[in-house]
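In what follows, a single structure is set out as structure tokens and then discussed.
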Number of protein chains: 2
Amino acid sequence: MSTLQTLSRGLTVLELVSRSPDGLAIAEIARQLGVHRAIAYRLVTTLEEHMLVARGDDGRILIGSGVVALAGRYQPQLRMAAQPVLVSLAEASGATAFLCVAQGDECVAVEVAEPEQPMLKVSYRAGTRHPISRGAAGLAIAMQRPPQSSDSAALTAARNQGYALTRGQLQEGAIGLAAPLMHGNHQLAGDTPPSSQMHGIYMYANPTHGAQIPGVRACIGVVAMQALDTETAATEVLRHRDRLLSAIG
Amino acid sequence: MSTLQTLSRGLTVLELVSRSPDGLAIAEIARQLGVHRAIAYRLVTTLEEHMLVARGDDGRILIGSGVVALAGRYQPQLRMAAQPVLVSLAEASGATAFLCVAQGDECVAVEVAEPEQPMLKVSYRAGTRHPISRGAAGLAIAMQRPPQSSDSAALTAARNQGYALTRGQLQEGAIGLAAPLMHGNHQLAGDTPPSSQMHGIYMYANPTHGAQIPGVRACIGVVAMQALDTETAATEVLRHRDRLLSAIG
DNA sequence: ACATATTGTGCGTTATTAGTAAATGGAGAA
DNA sequence: TTCTCCATTTACTAATAACGCACAATATGT
């Protein structure tokens, strides 16, 4: 598995620039990369040609609009369907609503909606990623694979409730509540292997239990700081999950 | 202005993969790039490390979730403020609502909202770009610079109305209506140069006329196929423009 | 004016990458 | 089976990029 230094550096520049709201000077990029300025110039020029970065009027390098086009092609149908649902969920629960998708062993917030009157600011931006082993979103995604004897107590509890609830796992004092994007639950006891497994998607003999969206492991939920009515939040999350499921057929 | 072959190819791969909803095989990437498969492997491996592409369960290369994080850092405050406004505008006008930002001589749709009951499908996805010289969005952005004697009749008309209306310029049978994201209008007659110009932002002696958002040339508007009530659409676009302006202070 | 960063470029020498060929193994078709 | 197509890795030479340096051209500050 060999990798390419030049490409890797270019992508690191893109990442660095994107993390700098006010842009970066060439010299700063060169310093952070630990390379000569001349190299930073060539990297930036190439990124610029592809519209991934742009130069401000003062010459500083800013994240370019090309990233919007790229992101617009990531799960467009799911996200388009989810957007209005998340807005509604945020309003109904008074908390920040999110759609998370699993990639590898990480969980990525793909779409986020905030209520009109945010109670307490929770900074949960699109693109936020965290290990799948932590937080309500991770649990909700873990719920999508069939039960195993190695499942944690929290996971089993989540399966029984139909949703996952965690406190302070991702951020001090934050409460997360998430439900998996699948119909029904895996309520089998013990290790029951799936009847067949294709392309990593578990196919069940009885499709009414544990039917997932093909190729995507996702969940929706809410995050808030302490003051969250978990009763109504759970109801709303499940209701909106079902709304989203029926929207994407 | 020299550029780097390796980086450029890697970014081209990213673009190719993003345009393929079902992913691409290594061989297809290699063929489309016109390079050997071994090179495509190295490019893909590097992109994969940066989470910009991912491998499906069948081995095909798919766009990765990393692009969501990158895009989330492009104009986050403007987009967060615009999202609910666009949803409301789409609902009020019954058409697809958009937020466009100018970059160079192009105009990029950065945020899009569709009405719950779309009348006729208008495909206007986030990331869509077109020359700034065409379409309602381009005109609306052109309205933000001070009037010049070289202005087209359409631009002058748009200035007088306070919004731009075009038919069929971007797509056959499509109607676009857009208003610039600035307070008031440039209603000066003839060529009146700005009192000062810094960093490409025009600063006026009287800030109540033509005050823009610093550093961003943007507009909001709607697109529809034929059946659009332009009267109410214009009213709603202007109303929502003002709502967005006050939201971002 | 003067000193001083900072930006942007050009040029040689070394390190990395491209390009090519070739080998292995798996999936599917004739 | 045999054949083809594809994925994946390895190995070796031209081509490309990195790197360090030198040098204008601009800002920027005193």
Side-chain angles (χ1 to χ4, degrees), chain A residues 1-17 20 22-64 104 196-201 203 215, chain B residues 1-17 20-50 52-64 104 196-201 203 215:
Chain A
M1 297 278 272
S2 68
T3 57
L4 304 177
Q5 186 184 54
T6 309
L7 177 53
S8 192
R9 279 179 174 167
L11 300 177
T12 303
V13 169
L14 187 53
E15 176 76 16
L16 282 175
V17 169
S20 309
D22 301 323
L24 288 174
I26 291 279
E28 298 177 75
I29 292 174
R31 182 164 34 78
Q32 295 206 45
L33 271 182
V35 301
H36 195 268
R37 283 206 322 282
I39 299 166
Y41 273 105
R42 299 191 275 254
L43 292 168
V44 166
T45 305
T46 311
L47 288 169
E48 213 178 339
E49 261 187 358
H50 288 258
M51 314 235 236
L52 296 175
V53 303
R55 313 209 64 147
D57 305 283
D58 53 357
R60 293 177 78 81
I61 291 113
L62 301 159
I63 183 77
S196 72
Q197 184 180 350
M198 292 174 58
H199 302 312
I201 306 164
M203 309 293 287
Chain B
M1 298 281 272
S2 66
T3 57
L4 304 177
Q5 187 184 50
T6 309
L7 177 53
S8 193
R9 279 180 173 167
L11 300 176
T12 303
V13 169
L14 187 54
E15 177 75 17
L16 282 175
V17 169
S20 308
D22 301 324
L24 288 175
I26 290 279
E28 297 175 77
I29 293 174
R31 184 161 29 77
Q32 294 205 49
L33 271 180
V35 301
H36 195 270
R37 284 200 310 281
I39 299 167
Y41 272 105
R42 301 192 272 249
L43 293 168
V44 166
T45 304
T46 311
L47 287 169
E48 213 177 339
E49 260 186 0
H50 288 257
L52 296 175
V53 304
R55 313 208 65 148
D57 305 283
D58 53 356
R60 293 178 76 81
I61 322 290
L62 299 159
I63 183 79
S196 72
Q197 184 181 348
M198 290 174 59
H199 302 310
I201 305 164
M203 309 293 286

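Numbers restart at 1 for each chain; the letters A, B, ... are given by sequence-line order, proteins then strands. Treat the numbers as computed from the prediction; the structure is a model and nothing was measured.
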Give the rounded distance in Å between these two atoms: [atom1] of [X] and [atom2] of [N].
X       : N      : atom1 : atom2 : result
B:Arg31 : D:dC5  : CZ    : P     : 13 Å
A:Glu28 : C:dG8  : CD    : P     : 13 Å
B:Arg37 : C:dG19 : CZ    : P     : 15 Å
A:Arg60 : C:dG8  : CZ    : P     : 12 Å
A:Gln5  : D:dC19 : CD    : C1'   : 11 Å
B:Leu33 : C:dT20 : CG    : P     : 14 Å
B:Ile26 : C:dG26 : CD1   : C1'   : 16 Å
B:His36 : D:dA14 : NE2   : C1'   : 15 Å

Next on the checklist: Can you give me the closest heavy-atom contact between A:Ala30 and A:Arg37, atom names plus distance?
Outcome noted: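 Taking every non-hydrogen atom into account, CB-CA, 3.9 Å.
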Item to check | Test side chain to side chain contact (heavy atoms under 4.5 Å, CB included) applied to B:Gln32 and B:Leu24, step by step | outcome: CA-CA 10 Å; B:Gln32 294 205 49; B:Leu24 288 175; 4.1 Å; yes
Short side-chain N/O contact to [N] OP1/OP2 from [X], under 4.0 Å:
X       : N      : answer
A:Thr6  : D:dT16 : no
A:Arg42 : D:dA18 : yes
A:Arg9  : D:dC19 : yes

Item to check | Touch class at under 4.0 angstrom, heavy-atom based, for B:Arg55 against every strand present | outcome: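 Answer is sugar-phosphate: B:Arg55 comes under 4.0 Å of backbone atoms only.
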Checklist entry - Mind checking whether A:Glu28 and A:Ile61 have side chains closer than 4.5 Å, heavy atoms only? => result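 SC-SC contact between A:Glu28 and A:Ile61 ruled out.
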Checklist entry - Toward the 5' end of DNA chain C, which comes first, A:Tyr41 or B:Ile39, by nearest nucleotide? => result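 The residue closer to the strand's 5' end, by nearest nucleotide, is A:Tyr41.
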Next on the checklist: Let me spell it out: for each of A:Leu7 and B:Ala38, pick the nucleotide of DNA chain C with the closest heavy atom. Which residue's pick is nearer the 5' end?
Outcome noted: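 On the 5' side of the pair lies A:Leu7.
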Checklist entry - Could you state the interatomic distance from CG (A:Leu52) to CD (A:Glu49), rounded to the nearest 0.5 Å? => result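 Here the rounded value is 11.0 Å.
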Next on the checklist: Nearest 0.5 angstrom please: A:Thr46 OG1 to B:Gln5 CD, how far?
Outcome noted: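 Answer for the OG1-CD pair, A:Thr46 versus B:Gln5, is 10.5 Å.
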